Amino acid sequence: MAKTDIGPPNYKNFLPPVIQKNYGKWKHHEILKPGLLKHVAESGDELYTVRVGSGRLLSTDHIREICEIADKYCDGYLRFTSRHNVEFLLTDKNRVDALIAELKSKNYPVGGTGHSITNIVHTQGWVHCHTPATDASGPVKAVMDELYDYFVTMKLPAHVRIALACCLNMCGAVHCSDIAILGIHRTVPKPDHSRVPNVCEIPTTIASCPTGAIRPDPKTKSVVINEEKCMYCGNCYTVCPALPLADAENDGISIWVGGKVSNARSAPMFSKLVIPYLPNNPPRWPETVAAVKNIVEIYAKQGRKHERMGEWIDRVGWERFFRLTGIEFTDKHIDDFTLAPNTFRTTTQFKWG
Amino acid sequence: MAKSETPLLDELEKGPWPSFVKDIKQAAEKKPMARDLLGQLELSYKEKIGHWKHGGIVGVKGYGGGVIGRYSDRPDLFPGVEHFHTLRVNHPTGWFYTTKALRALCDVWDKHGSGLTNMHGSTGDIILLGTKTENLQPCFDDLSDAGFDLGGSGSALRTPSACVGPGRCEWACIDSLDICYNLTMEFQDQIHRPMFPYKFKIKVSACANDCVAAIARADFSIIGTWMGKIQIDAQEVKAYAASGLNIREEVTDLCPTKCMNWDEGKKELKIEDGDCTRCMHCINLMPKALRQGKEKGASILVGGKAPILQGALLSTLIVPFMKLEPPYKELKELIRKIQDWWDENGKSRERLGELINRVGMRTFLKAVGLKPIPQMVKSPRTNPYIFFWPEEIKKEVK
């Protein structure tokens with residue numbers, strides 16, 4: 001029998017020699033051009049990194065192709081980033097141009113560094129998830145096709161981090177992104193009364209609801225859901241498979257803006273709701289693509305250098321954000337969950353828009 | 001020419017960004033499983049709804065997690081994905097690979113699975129996307145022989161992850177790679193055998209830029225920082241000014257604490273380090289000229305999470321500075337204390353941050369033995385509903 005609990009391979013065995021030698025002794029770095037980083041160690045050694053985007057969903061053949069490139073230029077070493085990019089690590093400056101040329105000839109997007117839109121962190125969607133309100137890979141592909149130019153250049157005021165999660169579970173934890181694309185359900189779960197008594201534990205199911213919207217129904221030995229209280233989070237479905245909530249006509253996408261994770265300048269921030277609902281419109285989600293592009297382009301024009309999207313909006317105010325983007329402000333934008341009053345204006349200071 | 005069976009997905013082969021549809025089609029040339037995945041996905045695109053059934057418990061011997069069970073709700077149409085389970089494989093820390101190791105992984109997956117992967121999943125694992133129940137154990141056995149192990153799923157410690165840290169970054173205040181690997185090895189049992197109220201995530205970022213989003217996503221966030229003065233190389237500062245960097249506009253005016261002063265005439269930069277909150281902005285802009293203070297360690301924050309269930313939370317500061325050197329005894333003790341308290345007091349599906357909110361930070365701090373300090377809050381409370389411990393109140397003298 002195979003050994004258990006061996007843990008992951010020791011990363012030290014996968015570090016290229018230049019990193020082993022200069023581990024923890026890097027002095028400075030610069031971005032030479034989009035997709036190309038140069039790190040200099042205290043020893044004077046140089047490390048060049050070429051970054052390319054990927055679709056995240058990779059076939060083994062595709063991975064083998066990436067391996068061949070890394071064998072040819074990087075002595076068989078490479079890494080992936082936390083945002084699904086691939087990084088080729090070289091020590092020979094003279095081979096960088098040839099590598100980039102080969103990558104481009106094979107249609108790998110070279111970029112994703114500095115003030116660019118880098119790869120979209122995303123979830124499984126219809127490819128592999130059981131609770132999705134939208135697909136993940138499809139909208140990501142459609143959005144990145146449209147924003148491609150921002151990946152291969154560095155002309156934005158600052159980094160723009162876009163993320164997509166296909167439901168509120170947020171496996172992709174999109175809630176602190178410059179732009180978050182979030183799948184939402186809008187209708188209550190539909191109890192399958194023939195299955196609930198057999199496959200679900202009723203007290204656990206009732207306890208799973210954060211708003212107390214689920215009651216037991218002694219007659220059917222199933223549950224009843226209060227439509228006025230349900231906020232479509234799907235938590236009950238996770239504990240009780242007989243409460244499906246997918247709805248082809250009403251599920252869709254919401255857009256959130258202005259979050260960040262980094263502590264640079266301003267503190268980390270949550271993304272805020274700007275578009276409560278856009279329809280699922282496969283295969284290319286034109287409404288979502290247009291909405292994201294509009295926000296990026298207004299920010300590109302209005303943001304000051306080094307100002308993240310949330311910092312720009314903090315400076316000009318949400319009233320101006322909605323005017324500039326032409327996005328309609330509705331009752332959906334005003335919070336009504338537990339900490340709602342924290343977001344209400346409690347001063348006479350506001351802008352006209 | 002035969003009419004395509006996937007006209008909707010074919011649209012996503014167009015355009016400059018890499019196409020996941022091309023990758024699925026590439027795998028489908030060899031694997032009926034991948035072909036049926038493509039077919040089912042096309043059906044989802046047509047009907048605008050997912051076609052995976054809810055869960056199902058499957059796994060490998062000795063483990064309670066690491067495999068996500070998945071079954072098609074249309075096995076009549078797509079028998080190849082009747083079972084389509086995913087293995088989460090613990091990635092090498094920092095996502096460094098040799099091509100030899102990557103190929104070994106591909107060999108295992110070509111033998112036992114769909115030939116499709118995610119590099120990587122949101123938590124950081126290598127995702128081996130889709131195989132049949134009977135393939136799980138042989139696949140695990142071969143993975144183990146190739147030196148790989150499964151990651152976490154369910155109410156377990158999820159696979160810890162770390163930024164590139166000292167591997168390639170001059171801003172690393174801590175050895176994020178070693179800390180992450182060391183904790184992963186130490187807590188193997190918690191990763192593989194779910195025993196908690198819900199998931200628990202540990203993420204390690206070596207500086208405040210937080211490249212693995214620890215503060216937003218981890219129940220236990222380890223973020224590098226420093227004490228002492230930012231080291232200034234006056235010559236390099238002048239070189240940046242000469243190269244066209246507008247130090248006033250781009251650096252000092254954007255400093256959140258206004259602790260920097262730029263003398264345009266003398267080309268001199270001064271920093272009032274006592275006012276600095278170590279946000280990294282100035283160092284990000286002038287990496288050749290400014291280096292962090294010499295005494296390095298980490299801030300510890302806890303309780304970050306996405307919205308399910310009570311709303312999203314950012315991690316909150318509980319230890320401003322901890323020296324982190326192997327074997328990381330103090331760090332591990334703190335993690336164990338926090339997990340024990342959460343395990344004891346948390347309700348089912350209650351994350352650490354939610355438990356702290358429910359019972360109060362003071363109860364948490366007392367339980368894990370941390371002294372309250374001003375660094376923990378943005379401001380003291382503004383409401384007068386103050387709880388006192390029983391021993392703080394004078395009892396009636398009879």
Side-chain angles (χ1 to χ4, degrees), chain A residues 2-9 11 14-15 19 23-24 26-29 39 54-64 67 70-71 76 78-80 82 126 130 132 137-138 141 144-145 148 168-173 175-176 210 235 241 246 248 261-265 268 280 282-283 306, chain B residues 8 11-12 15-18 20 23 26-27 44-45 48-50 52 54 62 90 92-99 102 106 109-110 115 117-119 122 141 144 147 149 166-168 170 177 184-185 188 208-210 212-213 215-217 254 256 279-281 287-288 306-309 312 314:
Chain A
K3 278 191 213 153
T4 60
D5 300 87
I6 61 172
Y11 66 96
F14 292 174
L15 301 175
I19 287 184
Y23 192 87
W26 296 100
K27 202 171 168 198
H28 56 78
H29 80 276
H39 285 81
S54 92
R56 187 180 89 125
L57 199 168
L58 301 180
S59 69
T60 47
D61 285 347
H62 192 164
I63 296 172
R64 288 175 201 279
C67 286
D71 280 346
L78 72 156
R79 76 177 284 265
F80 290 80
S82 60
W126 294 335
H130 67 291
S137 314
K141 161 75 174 147
M144 284 311 284
D145 276 341
Y148 185 84
L168 309 196
N169 264 317
M170 281 197 199
C171 301
H175 57 295
C176 295
N235 200 48
V261 164
S262 156
N263 290 269
R265 298 170 308 282
N280 273 329
H306 307 300
Chain B
L8 293 170
E11 288 298 312
L12 290 171
W17 189 250
F20 70 100
D23 278 69
Q26 200 172 29
S44 284
Y45 269 57
K48 300 197 281 189
I49 203 156
W52 299 106
H54 185 296
N90 197 327
T93 312
W95 300 285
F96 282 96
Y97 291 92
T98 59
T99 52
L102 262 182
C106 290
W109 196 229
D110 282 342
T117 74
N118 292 142
M119 300 298 279
S122 291
D141 293 346
S144 178
D149 199 349
R168 196 192 50 199
E170 70 270 25
L177 298 176
T184 305
M185 298 310 284
Q188 279 293 298
N209 284 322
D210 196 1
V212 285
I215 211 162
R217 307 181 54 188
L254 295 181
C279 83
M280 288 295 296
H281 174 73
K288 286 184 186 172
I308 299 285
L309 202 55
L314 291 167

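Note that the structure is predicted; figures quoted are calculated from it, not measured. In what follows, chains are A, B, ... by sequence order, proteins preceding strands, each numbered from 1.
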Residue from B/Pro256, B/Gly115, B/Gly50 scoring the most non-hydrogen pairs under 4.5 Å with chain A is B/Gly115
Hey, are the side chains of B/Leu102 and A/Leu78 touching, using non-hydrogen atoms and a 4.5 Å cut-off? yes
Note, B/Trp95 side chain near A/Ser82 side chain (heavy atom, < 4.5 Å): yes
What closest approach, in Å, do A/His62 and B/Asp23 show between heavy atoms, and which atom pair accounts for it? ND1-OD2, 2.7 Å
Could you tell me which residues satisfy salt bridge (Lys or Arg N to Asp or Glu O under 4.0 Å) with B/Asp141, sequence neighbours excluded, listed by chain and number? none
So, taking the atom named NZ in A/Lys141 and the one named CH2 in B/Trp17, what distance separates them when rounded to the nearest 0.5 Å? 9.5 Å
Honestly, the part of B/Leu314 sitting under 4.5 Å from a heavy atom of chain A is both
With side chain to side chain contact (heavy atoms under 4.5 Å, CB included) as the criterion, how do B/Asp210 and A/Ser262 come out once you've worked through the C-alpha distance, each side chain's angles and the decisive distance to 0.1 Å? CA-CA 5 Å; B/Asp210 196 1; A/Ser262 156; 5.7 Å; no
For B/Leu177 and A/Tyr23, run side chain to side chain contact (heavy atoms under 4.5 Å, CB included): C-alpha distance rounded to whole Å, both residues' side-chain angles, the deciding distance at 0.1 Å, then the answer. CA-CA 11 Å; B/Leu177 298 176; A/Tyr23 192 87; 3.5 Å; yes
Which one, B/Ser122, B/Cys106, B/Gly147, leads in non-hydrogen pairs under 4.5 Å with chain A? B/Cys106
Heavy-atom pairs under 4.5 Å with chain B are the metric here; pick the option from A/Asp5, A/Leu57, A/Asp61, A/Thr4 that has the most. A/Asp5
Sort out for me which of A/Pro210, A/Pro132, A/Ser137 touches chain B most, counting heavy-atom pairs under 4.5 Å. A/Ser137
Which class fits the ring pair A/Phe14 and B/Tyr97: parallel under 30°, tilted 30 to 60°, perpendicular over 60°? parallel
Indicate whether any N or O donor in one side chain lies under 3.5 Å from an N or O acceptor in the other, for B/Thr99 and A/Asp71. yes
Scanning both residues in full, the closest heavy-atom pair of A/Asn263 with B/Ile215 reads OD1-CD1, 4.1 Å
Stepwise side chain to side chain contact (heavy atoms under 4.5 Å, CB included) test for A/Leu58 and B/Phe20: CA-CA 7 Å; A/Leu58 301 180; B/Phe20 70 100; over 6 Å; no
What option among B/Ser44, B/Pro92, B/Pro16, B/Ala27 has the most heavy-atom pairs under 4.5 Å with chain A? B/Pro16
Relative to chain B, which segment of A/His39 carries a heavy atom at a distance below 4.5 Å: side chain, backbone, both, or neither? side chain
Answer key: most heavy-atom pairs under 4.5 Å with chain B among A/Thr60, A/Ile19, A/Leu15, A/Val261 is A/Thr60
Do you know the tightest heavy-atom contact between A/His130 and B/Trp52? CB-O, 3.8 Å
A/Tyr148, part contacting chain B, at a heavy-atom distance under 4.5 Å: side chain
By salt bridge (Lys or Arg N to Asp or Glu O under 4.0 Å), B/Arg168 pairs with (sequence neighbours left out) A/Glu87
Relative to chain A, which segment of B/Met119 carries a heavy atom at a distance below 4.5 Å: side chain, backbone, both, or neither? both
Would you say the side-chain atoms of B/Glu170 and A/His29 include a donor-acceptor pair closer than 3.5 Å? yes
Tell me the closest heavy-atom pair linking B/Tyr45 and A/Gly138, and the distance in Å. OH-CA, 3.1 Å
For B/Thr117, is it the side chain, the backbone, both, or neither that has a heavy atom closer than 4.5 Å to a heavy atom of chain A? both
Looking only at heavy atoms, which two atoms of B/Asp149 and A/Gly7 are closest? And how far apart? OD2-N, 2.8 Å
What heavy-atom pair brings A/Pro282 and B/Lys48 nearest, and what distance separates the two atoms? CD-CD, 3.7 Å
Using the salt bridge (charged side-chain N to carboxylate O under 4.0 Å, His left out) rule, take B/Asp110 and A/Arg64 through it: C-alpha gap first, then chi angles, then the decisive distance, then the call. CA-CA 11 Å; B/Asp110 282 342; A/Arg64 288 175 201 279; 2.6 Å; yes
Heavy-atom side-chain proximity of B/Pro307 to A/Leu168 below 4.5 angstrom: no
Do you know which of B/Gly94, B/Ser144, B/Pro287 has the most heavy-atom pairs under 4.5 Å to chain A? B/Ser144
Counting heavy-atom pairs closer than 4.5 Å to chain B, which one of A/Pro9, A/Gly55, A/Cys176 comes out on top? A/Pro9
Let's test your reading of the structure: which of A/Arg56, A/Lys27, A/Met170 forms the most heavy-atom pairs below 4.5 Å with chain B? A/Arg56
Among A/Gly24, A/Gly76, A/Ala70, single out the residue with the greatest number of heavy-atom pairs under 4.5 Å to chain B. A/Gly76
